[in-house]
Amino acid sequence: LAERITEIERRQAKTAEAEAAGGCLITYSGEGYALVTFAEKPEREILGALRAAGYQWGAGSWGGRAEALPAAVAALARGEED
């Protein structure tokens, strides 16, 4: 039960970071991967773009290869509108 509480707190902290970043936070790893965290559920088109790029949902974020990051998601993280 303590592990579950820790996991929930970690997810809440990531969501708060995404909210502070304007709704979308992209975190890059040194191994060429990116994690995309949203403050709220994004539009269906954004989710479709992530799936099409090979990103997978897990632990409160979408993860995949950084070079495959959809341009629409990168623009959303920069605060740009369509």
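For the numbers below, each heavy atom of this structure counts, side chains included, while hydrogens, waters and symmetry mates do not.
Contact check for Thr27 versus Tyr33: no side-chain heavy atoms found under the 4.5 Å cut-off. Taking the side chain as every heavy atom from C-beta outward, Tyr55 and Val73 never approach each other to under 4.5 Å. The closest side-chain heavy-atom distance from Leu47 to Trp57 is not below 4.5 Å. No side-chain heavy atom of Ile26 sits under 4.5 Å from any side-chain heavy atom of Leu35.
The two atoms that bring Arg11 and Ala59 nearest to each other are NH2-CA, 3.4 Å, heavy atoms only. Closest of all the heavy-atom pairs between Ala49 and Pro70 is O-CG, 3.4 Å. Nearest heavy-atom pair, Ala39 versus Thr15, reported as atom, atom and distance to 0.1 Å: O-CG2, 3.5 Å. Residue Thr37 comes nearest to Ala18 through the heavy atom pair O-CB, 3.5 Å, listed as atom of the first residue, atom of the second, then distance. Of all non-hydrogen atoms in Arg65 and Glu31, the two that sit nearest each other are NH1-O, 3.5 Å.
Rounding to the nearest 0.5 Å gives a distance of 15.5 Å between CD of Glu19 and NZ of Lys14. Within the model, atoms OG1 of Thr6 and CD of Glu9 stand 6.0 Å from one another, a figure rounded to the nearest 0.5 Å. The structure places CH2 of Trp62 at 13.0 Å from CG of Leu69, a figure rounded to the nearest 0.5 Å.
Cluster membership check: Tyr28 does not share its hydrophobic cluster with Leu25, using side-chain heavy-atom separations under 4.5 Å among Ile, Leu, Val, Met, Phe, Trp and Tyr.
A salt bridge links Glu7 and Arg10; the closest N-O separation between the charged side-chain nitrogens and carboxylate oxygens is under 4.0 Å.
Enclosure of atom CD in Glu67 by more than 12 non-hydrogen atoms of other residues, nucleotides or ligands within 6.0 angstrom is indicated.
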